[in-house]
Amino acid sequence: MEKYRIAVIPGDGIGPEVLTEGMKLLKTVSELDGGFCFEDVWFPWGCQYYLKNGRMMPEDGISVLSDFDAIYLGAVGYPGVPDHISLWELLLTIRKSFDQYVNLRPVKLLKGAECPLKDVRREDVNMTFIRENSEGEYAGSGSWLFKGKPNEVVIQDGVFSRVGCERIIRYAFETAKKEKRSLTSISKGNALNYSMVFWDQIFSEVSKEYPEVETHSYLVDAASMFMVKDPARFEVVVTSNLFGDILTDLGAAIAGGMGLAAGANLNPERKYPSMFEPIHGSAPDIAGKEIANPMASIWAASQMLDFFGHEDWGAKVLLALEAVLTEKTALTPDMGGRAKTSETGNAVREALRKLSK
Ligand code: NAD
Ligand code: IPM
Ligand code: MN
């Protein structure tokens with residue numbers, strides 16, 4: 001029987017609460033299928049680990065993770081440890097070390113999920129966001145000069161390489177071609193006169209290889225307006241690291257909320273493990289109350305199933321989420337319900353069992 005080895009990094013705040021449900025869901029899938037199984041190894045890395053050990057993960061953390069088929073991550077960051085340390089030493093280090101240059105984030109309004117926009121049909125909110133995930137504004141390059149002096153200066157570089165831009169844009173074209181949908185590039189060439197002019201140029205170059213794909217190009221300010229006013233314009237979307245970060249939280253808001261939004265950090269060449277996670281953070285405001293919505297983590301588990309080639313199960317997990325969203329009896333408070341995290345998790349697994357009969 002095929003066995004998938006999953007490194008589970010629950011992390012901070014609500015991370016452990018939601019991943020517990022996600023991992024249970026994956027085990028239910030494997031039981032129902034009978035042809036594959038999961039071995040989950042949990043790593044207690046995160047802010048508490050940092051406060052004890054002075055680092056977010058052990059020195060050989062990356063090499064330990066490299067032996068796994070996938071990483072399943074909850075959330076990183078908690079008051080008490082500066083965010084730029086906790087995120088750079090764990091989440092961002094994993095994305096970069098494993099060259100997970102594709103951040104795939106569905107912005108799709110599931111049946112039963114509430115959309116805050118007026119006059120929008122459910123099928124109008126159905127985007128596949130492809131966020132560059134290895135460089136750009138997140139390159140981590142810069143300097144801090146004359147620290148604490150009156151002439152203090154900080155410089156944060158945006159690093160856009162030809163290889164980096166081409167591979168993400170080409171991945172997006174391949175996705176659009178496969179899905180037979182249009183591709184929209186979101187950039188900001190009018191103000192960012194080096195990086196985004198370069199991005200636009202590469203988008204136009206690569207588009208010549210894909211005459212069958214309909215393309216659009218928007219400035220990021222207008223794109224954020226259109227996502228709210230006319231979301232049906234967007235199908236497959238490709239954008240830079242920072243723009244993708246911001247626009248996918250906006251996407252989460254129009255597609256049912258942070259409690260539902262998932263993302264996959266992919267190394268498409270499969271040279272390194274890919275990582276699956278909810279896109280929300282550790283939510284310190286609700287941590288420990290057992291009211292966090294596990295649906296985003298469950299959707300990320302569905303993306304993992306897709307990546308392993310079990311798209312039939314990936315799709316069935318989304319149907320199970322839709323069943324629970326539509327029934328509305330086991331929803332957490334962010335979705336207007338009163339259920340606990342585990343009650344929502346149970347309901348999704350129950351729905352999946354019913355769907356599989
Ligand atoms: P957040 O996503 O943690 O929370 C924003 C709001 O959404 C909060 O009101 C929270 O209660 C709510 N929310 C988020 N997920 C929810 C869920 N599953 N169910 C119900 N409500 C949910 O963002 P933040 O408050 O800006 O960040 C908190 C910490 O998390 C910071 O340290 C930040 O750096 C970190 N962070 C980590 C990740 C990650 O690990 N991938 C992502 C974003 C933020
Ligand atoms: C996300 C998060 C991260 C990002 C942070 C926590 C570094 O917001 O995954 O969306 O900006 O990529
Ligand atoms: Mn984000």
Side-chain angles (χ1 to χ4, degrees), residues 9-22 45-48 50 56-57 71-96 100-107 113-114 129 131-140 156 239-253 256-266 275-300 303 321 325 331-345 348:
I9 307 176
D12 305 311
I14 63 170
E17 300 168 37
V18 292
L19 276 209
T20 301
E21 297 309 314
W45 303 340
C47 288
Q48 283 183 7
Y50 181 92
M56 291 294 290
M57 66 170 146
I71 302 161
Y72 194 28
L73 183 131
V76 180
Y78 215 71
V81 180
D83 266 353
H84 67 278
I85 293 178
S86 56
L87 273 311
W88 268 97
E89 287 194 11
L90 191 52
L91 177 74
L92 296 175
T93 295
I94 297 173
R95 286 183 186 165
K96 281 168 201 281
Q100 296 166 344
Y101 64 87
V102 174
N103 195 329
L104 191 68
R105 296 186 160 181
V107 174
E114 301 280 340
F129 255 82
R131 165 189 178 191
E132 203 294 319
N133 210 31
S134 67
E135 54 168 34
E137 308 87 341
Y138 281 50
Q156 184 95 44
T239 190
S240 72
N241 211 330
L242 180 61
F243 292 171
D245 175 48
I246 299 166
L247 292 174
T248 53
D249 263 35
L250 174 60
M258 289 309 285
L260 255 179
N265 304 269
L266 304 178
M275 177 165 66
F276 302 83
E277 52 166 351
I279 81 166
H280 62 69
S282 59
D285 52 340
I286 57 163
K289 297 187 178 153
E290 290 173 52
I291 54 165
N293 190 344
M295 289 184 159
S297 295
I298 290 173
W299 195 331
Q303 291 187 294
L321 285 174
L325 285 164
L331 298 179
T332 45
D334 58 310
M335 299 261 149
R338 289 208 208 149
K340 298 247 180 236
T341 307
S342 58
E343 289 166 344
T344 301
V348 178

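Each ligand, and each atom within it, is numbered from 1 in the order the structure gives.
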**Q** List the steps and the verdict of side-chain contact (heavy atoms from CB on, under 4.5 Å) for Thr332 and Met295.
**A** CA-CA 10 Å; Thr332 45; Met295 289 184 159; over 6 Å; no
**Q** Compute whether any side-chain donor of one residue and acceptor of the other, for Glu21 and Thr341, lie under 3.5 angstrom apart.
**A**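 Note: Glu21 and Thr341 side chains miss the donor-acceptor criterion.
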**Q** I'd like to know if the side chain of Gln303 and the backbone of Gly263 have a donor-acceptor N/O pair within less than 3.5 Å.
**A**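 Side chain of Gln303 to backbone of Gly263: a pair is present.
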**Q** One pair to check against side-chain contact (heavy atoms from CB on, under 4.5 Å): Arg131 and Ser240. What are the steps and the verdict?
**A** CA-CA 6 Å; Arg131 165 189 178 191; Ser240 72; over 6 Å; no
**Q** Starting from the N and O atoms of ligand 2, collect every protein N/O partner closer than 3.5 Å and put each pair on its own line with the distance to 0.1 Å.
**A**
residue  : atom   : partner : partner atom : Å
ligand 2 : 8 (O)  : Asp245  : OD1          : 3.2
ligand 2 : 9 (O)  : Arg95   : NH2          : 2.7
ligand 2 : 9 (O)  : Arg105  : NH2          : 2.8
ligand 2 : 10 (O) : Arg105  : NH1          : 3.2
ligand 2 : 10 (O) : Arg105  : NH2          : 3.1
ligand 2 : 10 (O) : Asp245  : OD1          : 2.8
ligand 2 : 11 (O) : Tyr138  : OH           : 2.5
ligand 2 : 11 (O) : Asp245  : OD1          : 3.4
ligand 2 : 12 (O) : Arg95   : NH1          : 2.7
ligand 2 : 12 (O) : Arg131  : NH1          : 3.2
ligand 2 : 12 (O) : Arg131  : NH2          : 2.8

**Q** Would you mind listing every salt bridge (charged side-chain N to carboxylate O under 4.0 Å, His left out) that reaches into residues 276-293, with sequence neighbours excluded?
**A** Arg95-Glu277
**Q** Pull up every protein N/O/S atom sitting under 2.8 Å from the Mn ion (ligand 3), skipping waters.
**A**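 Within the sphere that stays under 2.8 Å of the Mn ion (ligand 3), the protein atoms of type N, O or S are Asp245 OD1.
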**Q** Judged by atom type as modelled, is there a donor-acceptor pair below 3.5 Å linking the side chain of Ser297 to the main-chain atoms of Pro278?
**A** no
**Q** Ignoring hydrogens and angles, tell me if any N or O in the side chain of Thr93 forms a donor-acceptor pair with the backbone of Trp88 under 3.5 Å.
**A**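 Such a contact is found between Thr93 side chain and Trp88 backbone.
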**Q** Phe129 pairs by side-chain contact (heavy atoms from CB on, under 4.5 Å) with which of Asn103, Leu247, Leu104, Ile279?
**A**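 Among the candidates, only Leu247 passes.
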**Q** Within the 4.5 Å heavy-atom criterion, are Ile9 and Met57 side-chain neighbours or not?
**A**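 No, every pair of side-chain atoms sits at 4.5 Å or beyond.
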**Q** What are the two closest non-hydrogen atoms of Met258 and Ala252, and how far apart are they?
**A**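 Scanning both residues completely, I find the closest heavy atoms to be SD-CB, 3.6 Å.
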**Q** Looking at Asn241 and Glu135, would you say the former's side chain and the latter's main chain have a donor-acceptor pair under 3.5 Å?
**A**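 Flag set: sc Asn241 to bb Glu135 pair under 3.5 Å.
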**Q** Is His280 close to Val18 at the side-chain level, that is, under 4.5 Å between some pair of heavy atoms?
**A** yes
**Q** Pairs under 3.5 Å, N/O atoms on ligand 1 and on the protein: can you put them in a table with the distances?
**A**
residue  : atom   : partner : partner atom : Å
ligand 1 : 2 (O)  : Gly281  : N            : 2.7
ligand 1 : 3 (O)  : Gly281  : N            : 3.3
ligand 1 : 3 (O)  : Ser282  : N            : 3.3
ligand 1 : 3 (O)  : Ala283  : N            : 2.8
ligand 1 : 9 (O)  : Asp285  : OD2          : 2.8
ligand 1 : 11 (O) : Asp285  : OD1          : 2.8
ligand 1 : 11 (O) : Asp285  : OD2          : 3.1
ligand 1 : 18 (N) : His280  : NE2          : 3.2
ligand 1 : 18 (N) : Asn293  : O            : 3.0
ligand 1 : 19 (N) : Asn293  : N            : 2.9
ligand 1 : 30 (O) : Ser282  : N            : 3.1
ligand 1 : 30 (O) : Ser282  : OG           : 3.3
ligand 1 : 32 (O) : Asp83   : OD1          : 2.7
ligand 1 : 32 (O) : Asp83   : OD2          : 3.3
ligand 1 : 34 (O) : Asp83   : OD1          : 3.4
ligand 1 : 34 (O) : Asp83   : OD2          : 3.0
ligand 1 : 40 (O) : Val76   : N            : 2.8
ligand 1 : 41 (N) : Glu277  : OE1          : 3.2

**Q** Are any side-chain N or O atoms of Asp12 and backbone N or O atoms of Gly46, one a donor and one an acceptor, separated by less than 3.5 Å?
**A** no
